[in-house]
Amino acid sequence: ACPNKVFGCDFKGSFVDLEHHEAHCSFSNGQLEGISEFVEKAVKEYDELKQLLVKLKQRESILNNEIEESMAAWQDIVRTEREKEKEIQQYKMLFSPPDLQMPFQFYCMGSFRGHEGPIWAMASHHDLLFTS
């Protein structure tokens with residue numbers, strides 16, 4: 001490769017060709033022609049990079065707006081869900097059966113003859129009481 005590659009020379013060839021190229025390279029021996037080409041290329045590349053930067057900044061702005069919109073929508077969803085949870089809790093409190101307690105308590109006043117263990121069912125017919 002040419003020693004003036006850093007200035008923009010793109011020569012590639014054999015060692016013999018390189019010696020001939022160095023004698024005629026537009027980037028050596030103080031020739032301004034090669035340097036002006038190098039500067040033109042650098043300016044062109046700089047302009048392309050500036051345009052790319054502008055496009056990337058626009059894209060960044062669009063993406064930031066989309067993120068903000070998504071976050072706002074997510075916050076609305078969370079807020080709605082919390083409100084629904086509160087409503088459900090209120091309905092549960094309103095419509096859940098209360099803890100009912102009997103105002104009295106049953107006591108065994110005696111036992112029936114013929115039974116061993118608890119009585120599971122009672123039925124009456126006229127003056128008779130049937131148990132099981």
Checklist entry - Passes side-chain contact (heavy atoms from CB on, under 4.5 Å), Thr80 versus Lys84? Steps please. => result CA-CA 6 Å; Thr80 303; Lys84 286 180 183 179; 3.8 Å; yes

Item to check | Side chains of Leu18 and Glu22 in contact at under 4.5 Å (non-hydrogen atoms) | outcome: yes

About how many Å separate [atom2] of [Y] and [atom1] of [X], when rounded to the nearest 0.5 Å?
X: Ser70; Y: Asn65; atom1: OG; atom2: CG; result: 10.5 Å
X: Asn64; Y: Lys57; atom1: CG; atom2: NZ; result: 13.0 Å
X: Glu85; Y: Arg82; atom1: CD; atom2: CZ; result: 8.0 Å
X: Leu53; Y: Glu60; atom1: CG; atom2: CD; result: 9.5 Å

Checklist entry - Should the heavy atoms of other residues, nucleotides or ligands under 6.0 Å from CD of Glu48 be counted, would the total exceed 12? => result yes

Checklist entry - Is the shortest side-chain N to carboxylate O distance from Asp76 to Arg79 below 4.0 Å? => result yes

